[in-house]
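Below is one structure, written out as structure tokens, with a few remarks after it.
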Amino acid sequence: MQRILVIGSPGAGKSTLASRLAGRLDLPLIHLDREYFGPGWTVPDRAEWRERVKTLAARPAWVMDGNYASTFDIRVPRATAIVWLDLPRWRCASSVLWRVARNYGRSRTDLGDAGPERFDWSFMRWIWSYPRRMRPKTARMLERLRPDQQVYVLRSRSEIPALEATLATVKEAA
């Protein structure tokens, strides 16, 4: 079965792409943000979170979006394909600002019961620091994949239609 992991900086478009892929490929969709955040933006402790991710990753088929590098060791071995949205930080930051403006005060479906959309300076700093802090770690992780795992690195949203067509072809061939 196909298991596609979509990773990248906040604001890169992971949730949107994962939703599109899940619909096009007829695969179950897992938004990790929805699983992680509880009502009032509460978060599980580390052990509980890892158990939840193990259960989700054990499913036979999925499209899963979310970075959560602390659980790469659980999710990456289960993935048959990994899509890394490696977009420029200015693109990610502007996307988050636009998303906040569009949804401010309302709950988003990809966040479940977390709470209303809000602006968070620390989140914006995390996005801006992503290329320095997380990009090297992600690149190293991708270098260690098994030969049977497919990797797709997208540096622009204009590359998404070609990726969708490629993954659809892979699914049809399976």
Side-chain angles (χ1 to χ4, degrees), residues 1-38 43-89 91-92 95-96 110-112 114 123 126-127 129-157 159-160 162-174:
M1 292 298 269
Q2 206 167 14
R3 291 176 299 279
I4 302 169
L5 183 57
V6 182
I7 60 174
S9 171
K14 296 181 301 295
S15 295
T16 301
L17 177 58
S19 295
R20 286 176 56 170
L21 291 175
R24 182 168 182 159
L25 302 173
D26 194 29
L27 292 169
L29 175 62
I30 301 170
H31 290 301
L32 284 182
D33 284 347
R34 185 181 184 98
E35 300 293 332
Y36 184 73
F37 293 106
V43 298
D45 66 37
R46 181 175 165 82
E48 178 187 348
W49 175 235
R50 289 185 61 80
E51 280 304 311
R52 189 176 305 165
V53 171
K54 282 179 191 174
T55 301
L56 295 168
R59 294 178 181 173
W62 40 257
V63 176
M64 182 184 296
D65 78 274
N67 229 33
Y68 299 94
S70 66
T71 63
F72 276 172
D73 65 312
I74 298 168
R75 297 176 295 134
V76 169
R78 292 280 302 147
T80 56
I82 299 171
V83 179
W84 182 18
L85 293 174
D86 188 22
L87 282 87
R89 64 178 155 195
R91 167 71 68 202
C92 297
S95 293
V96 167
D110 60 317
L111 290 174
F123 188 57
W126 170 243
I127 294 167
S129 70
Y130 180 89
R132 178 179 46 82
R133 295 176 68 187
M134 288 303 300
R135 192 175 189 285
K137 180 178 184 172
T138 302
R140 282 191 305 274
M141 178 268 298
L142 293 176
E143 290 171 359
R144 296 188 301 265
L145 294 178
R146 298 183 315 267
D148 64 311
Q149 291 177 297
Q150 297 295 311
V151 178
Y152 304 93
V153 179
L154 280 61
R155 298 206 187 333
S156 166
R157 291 193 179 131
E159 298 175 31
I160 290 174
L163 168 76
E164 290 176 318
T166 298
L167 292 174
T169 302
V170 169
K171 180 167 174 78
E172 290 168 8

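Bear in mind that the values here come from a model prediction, so they are computed numbers and not experimental data. Starting from 1, each residue takes its place in the sequence as its number.
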Inset, instruction - Could you grab the distance from atom CG of Asp86 to atom OG of Ser156, nearest 0.5 Å is fine? - result: 11.5 Å
Legend entry - Distance, nearest 0.5 Å, that separates CZ of Arg89 from CZ of Arg135: 11.5 Å
Looking only at heavy atoms, which two atoms of [X] and [Y] are closest? And how far apart?
X     : Y     : result
Ser19 : Leu29 : OG-CD2, 3.5 Å
Pro10 : Cys92 : O-CB, 3.2 Å
Arg3  : Pro60 : NH1-O, 3.0 Å

Inset, instruction - Could you tell me whether Lys14 and Asp110 have a side-chain N and a carboxylate O separated by less than 4.0 Å? - result: no
Legend entry - Glu143 bridged to Arg140 by N-O distance under 4.0 Å: no
Inset, instruction - Indicate yes or no for a side-chain donor-acceptor contact from Arg133 to the backbone of Trp126 under 3.5 Å, with no hydrogens or angles considered. - result: no
Inset, instruction - Report yes or no: does Trp62 contribute a side-chain atom to a donor-acceptor pair with the main-chain N or O of Ala57 at less than 3.5 Å? - result: yes
Inset, instruction - Using ring-ring contact (aromatic ring centres under 6.0 Å, His included) as the criterion, list what pairs up with Tyr68, not counting sequence neighbours. - result: Tyr36, Trp49
Inset, instruction - State, without any angle test, whether Arg157 and Thr16 hold a side-chain donor-acceptor pair at a distance under 3.5 Å. - result: no
Inset, instruction - State, yes or no, whether a side-chain contact exists between Val43 and Phe37 at a heavy-atom distance under 4.5 Å. - result: yes
Legend entry - Pairwise side-chain contact, Leu167 with Gln2, heavy-atom cut-off 4.5 Å (strictly under): yes
